[in-house]
Amino acid sequence: MDFSIMEIKALNNIVLSQGGKLIVPTNIIWSAGLRSGPRTTIGSELPAAFRISQKSALLKVIIQNPQGMPLDRKALKAYSGKKLFFESNYVQRNQHQNIANFRGSLKVMPKRFSRFSGNLNWKLSYKDPVGGTLEYDLIETYLELFWIYGFDSRLFCKGVPVEILRQAAYALHIENKSQKSSIFYSANKSFYIDPMKDPIIAAIAYVCFFRNAPAYDIYSTAQHFLSIPRNFKGPMAFSLTEYLKAIHNPAALCNCDDQAAAVQVYLKAIGINRTHFCSMVPFGYIRLTGLVGWGLCNSPGYIKNINLSLESPLIVEETNSERNYFFRHSFCCLPDKYVNTKKQANNASDDIHWRYCKHSCVGCRILDACIGPHSGSENIDEYINNTLDNAIPPIDDLENPENAFIYRGVTHIDWVPKAKKGTSLPPITSLKNMIKKFSKQVPQGEYFVKCTWIDPRKSDDFFNDWEIFSEPLIPGYIEVQKTWNLVKNGSSIQIDIYVNSEPMVSNACQAARNRLLTFFNAFTPREFPYEKGPIQLGNFSLVCHSKGIRTYFWPIYNVTFRVTCRNTCFNDIDLCIWLNELAINNRIESIENDLPRLDDIQNTIRIKKVKETAVVETQFPSEVLLDFVYEKGNGIQLIEQEDKKLTFIGIKKSKNIITVVVVDKNTLLTNSKQITIEVES
């Protein structure tokens with residue numbers, strides 16, 4: 001009898017992603033007929049995730065029954081080694097297609113975050129037509145399953161990254177696989193994890209510090225993956241896809257903001273949603289401790305003298321007047337007891353931003369993957385005492401817990417929020433004064449840039465043998481970011497281009513300057529490490545020269561450039577001039593007729609029943625990228641994303657508002673529109 005498994009489905013609503021792309025279809029985790037690549041079994045394999053809180057994890061197994069035999073007294077079982085993993089006595093036959101659908105539950109239900117990765121042996125038992133019970137061995141299949149605490153559908157609207165779940169599982173296994181977790185229900189039915197007892201908390205801090213972090217940017221101390229709005233109010237976007245790719249890039253850099261955001265996103269990926277992004281101003285001098293990517297350090301500022309060895313500025317005498325301190329430092333906190341901070345916070349303007357006090361967040365546990373690391377075993381007072389010293393206090397009010405401000409943190413992943421004016425931190429004030437001093441009398445409010453942003457290797461034959469490590473395009477309502485990461489023999493070049501599509505040219509040009517300011521709102525050094533850049537670039541330009549790294553910044557019209565060259569031996573100014581001239585040679589007076597059109601997208605889309613789908617698509621003829629963000633509601637779920645098409649499925653009766661964004665991949669011009677998707681019943 002030739003029975004065979006055709007398909008295995010996971011019956012859940014947790015969407016996963018891999019490589020920054022939605023896994024499609026979302027609930028099929030194994031299907032026959034395709035080679036699996038690195039696995040030894042035959043079949044296409046996809047991971048799946050279940051909530052720990054659900055009563056049982058259900059699988060649907062479709063078996064081909066060539067002769068359409070009645071499977072009476074049927075049972076389908078799967079074993080992992082000798083342990084029963086899955087069992088089903090339910091079968092639904094389709095005689096026309098000669099298939100049988102088995103639906104059953106997994107016999108393994110962990111009480112904490114966990115991963116299963118391995119082969120399953122499937123056995124089918126059924127009543128023989130002439131009497132008796134027969135057992136039939138089916139093909140061995142490989143499955144990868146996760147159990148997580150919850151799912152933030154708004155933050156991970158395009159799926160929880162499998163890469164994070166795998167790293168967390170690996171770190172948990174290394175950290176302490178024998179410990180048991182302590183899980184409690186809170187008033188709103190969501191899980192709360194005790195950071196003192198659940199080893200996954202420490203595992204997240206360690207994996208972000210040791211295994212997948214870039215090195216701390218001791219050259220400029222700026223963030224590289226996080227977009228921080230003015231005064232931390234508004235959307236905070238984290239470039240997660242690029243952060244995950246940076247694991248394999250030895251030249252990648254980060255700062256404390258990037259690491260705090262990474263910890264928060266990693267925790268939310270496994271369902272620990274009650275995390276806060278903390279920033280402390282002033283912070284102070286750190287004791288001799290680990291600095292991510294470098295080792296021991298007690299002076300984390302930029303390298304002042306490019307002729308010094310790396311060891312000299314990282315570790316100095318505690319009383320050395322040249323010792324650097326953190327003017328501002330970011331980390332994460334996990335509250336032991338969650339209370340309504342909106343009501344209890346002092347002088348809070350909204351529920352996103354409030355000031356830390358011992359009455360608003362009792363016994364916060366600190367997670368820091370930038371220095372230390374600190375893995376959730378300390379409250380704010382213990383963290384400060386263990387981290388800071390006051391050997392040479394440069395400013396008043398150091399080591400004060402009330403200097404720590406708490407924010408909601410990351411609200412978007414792989415998204416470019418609108419740039420606002422810079423903060424009032426001293427480095428930003430210095431930058432604004434520098435801009436006024438360096439600016440040339442060149443008209444900047446008369447034109448837009450509209451051009452095809454070609455491969456930068458075409459700027460000169462010299463670049464022909466360089467490889468593109470990554471080439472992301474990150475969309476936004478008003479602004480789009482395009483990045484090229486070029487590598488060659490240990491050298492690297494990163495080119496970031498931000499194109500603003502504000503309809504008024506004066507607003508677009510001002511927004512380009514605001515974007516420049518956002519690059520500099522996370523500094524720690526007492527001296528501003530930037531100087532006047534080449535006069536050939538834009539209205540003004542800045543440059544940072546440090547050991548092995550040169551970074552150029554300049555805005556021109558509605559475009560902002562950032563070019564970072566590491567360990568290069570050629571004249572990188574020529575590359576910057578080529579980019580600048582490309583913009584100047586493609587300037588126009590208006591982009592109104594060049595923005596992607598949204599006329600063919602409906603204002604309201606109705607889904608008649610739950611589990612039915614809604615499609616949002618555009619017929620714009622040029623090469624476009626279609627994207628979206630949630631504005632209101634959580635009754636729909638993205639199940640498929642193509643360049644010109646988004647497919648949602650109705651989860652529950654609801655009224656959902658999303659902002660649809662269309663990006664021209666060639667010009668990087670963008671347009672957006674709010675639409676409503678109603679699930680009626």
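The backbone N or O of Glu318 sits less than 3.5 Å from a side-chain atom of Arg323, completing a donor-acceptor pair. A distance-only check finds no donor-acceptor pair linking the side chain of Ser330 to the backbone of Ala260 [under 3.5 Å]. One N or O on the side chain of Trp294 and one on the backbone of Tyr216 form a donor-acceptor pair closer than 3.5 Å. With hydrogens and angles ignored, the 3.5 Å screen pairs no side-chain donor or acceptor of Gln18 with any backbone N or O of Pro161. Asn386 contributes a side-chain N or O that, together with a main-chain N or O of Glu382, makes up a donor-acceptor pair within less than 3.5 Å. A donor-acceptor pair under 3.5 Å links the side-chain atoms of Tyr149 to the main chain of Phe113, judged by distance alone. Looking at Gln264, its side chain does come within 3.5 Å of a backbone N or O of Val410 through a donor-acceptor pair. Between the side chain of Asp258 and the main chain of Leu226, a donor-acceptor pair closer than 3.5 Å is present. Side chain of Ser299 to backbone of Asn324: a donor-acceptor contact under 3.5 angstrom is found. Thr518 places a side-chain N or O within 3.5 Å of a backbone atom of Arg515 that can act as its donor or acceptor partner.
Atom NZ of Lys418 is surrounded by 12 or fewer heavy atoms from other residues, nucleotides or ligands within 6.0 Å.
Here the closest heavy-atom approach between residue Ile52 and residue Arg112 is recorded as CD1-C, 3.3 Å. Between Cys565 and Ile493 the shortest heavy-atom distance is SG-CG2, 4.2 Å. Ser17 and Gly159 get closest at one heavy-atom pair: OG-O, 3.3 Å. Nearest heavy atoms, Ala369 versus Phe209: O-CD1, 3.2 Å. Closest approach of Leu473 to Lys482, counting heavy atoms only: CB-CD, 4.4 Å. Between Ser375 and Ala205, the closest heavy-atom pair is CA-CB, 3.9 Å.
There is a side-chain donor-acceptor pair under 3.5 Å between Tyr243 and Gln259. A donor-acceptor contact under 3.5 angstrom links the side chains of His224 and Asp217, judged on distance only. Of the N and O atoms on the side chains of Asp414 and Thr241, at least one donor lies less than 3.5 Å from an acceptor on the other residue.
Considering only residues two or more places apart in sequence or on other chains, Phe156 meets the ring pair (Phe, Tyr, Trp, His ring centres under 6.0 Å) condition with none of them. Every residue two or more places apart in sequence or in another chain that forms a side chain to side chain donor-acceptor pair (under 3.5 Å) with Asn485 is listed here: Glu242, Ser470.
From His374, atom NE2 reaches atom CG of Leu367 across 10.5 Å, with rounding to the nearest 0.5 Å.
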Practice item. Determine, step by step, whether Trp415 and Tyr477 satisfy the ring pair (Phe, Tyr, Trp, His ring centres under 6.0 Å) criterion, reporting the C-alpha distance in whole Å, the side-chain angles of both residues, the deciding distance to 0.1 Å, and the verdict. Key: CA-CA 9 Å; Trp415 187 259; Tyr477 297 124; 5.4 Å; yes
Point to revise | Working for side chain to side chain contact (heavy atoms under 4.5 Å, CB included), residues Ser114 and Phe146 | key: CA-CA 6 Å; Ser114 184; Phe146 298 91; over 6 Å; no
Exercise for review: Report the C-alpha distance between Tyr552 and Leu575 in whole Å, list the side-chain angles of each, state the deciding distance to 0.1 Å, and finish with yes or no for side chain to side chain contact (heavy atoms under 4.5 Å, CB included).
Suggested key: CA-CA 11 Å; Tyr552 302 88; Leu575 173 62; over 6 Å; no
Exercise for review: Step by step, work out the side chain to side chain contact (heavy atoms under 4.5 Å, CB included) result for Val265 and Ile164.
Suggested key: CA-CA 9 Å; Val265 170; Ile164 291 181; 4.1 Å; yes
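Ring centers of Phe519 and Tyr498: under 6.0 Å apart, within the cut-off. Checked against the 6.0 Å centroid criterion, the rings of Phe469 and Trp484 do not qualify as a close aromatic pair. Ring centroid separation for the pair Phe331 and Tyr383 comes in under the 6.0 Å cut-off.
Looking at Phe238 and Phe225, their side chains come closer than 4.5 Å, going by heavy atoms from C-beta outward.
Partner of Arg562 under the side chain to side chain donor-acceptor pair (under 3.5 Å) criterion, out of Thr483, Asp496, Thr551: Asp496 alone.
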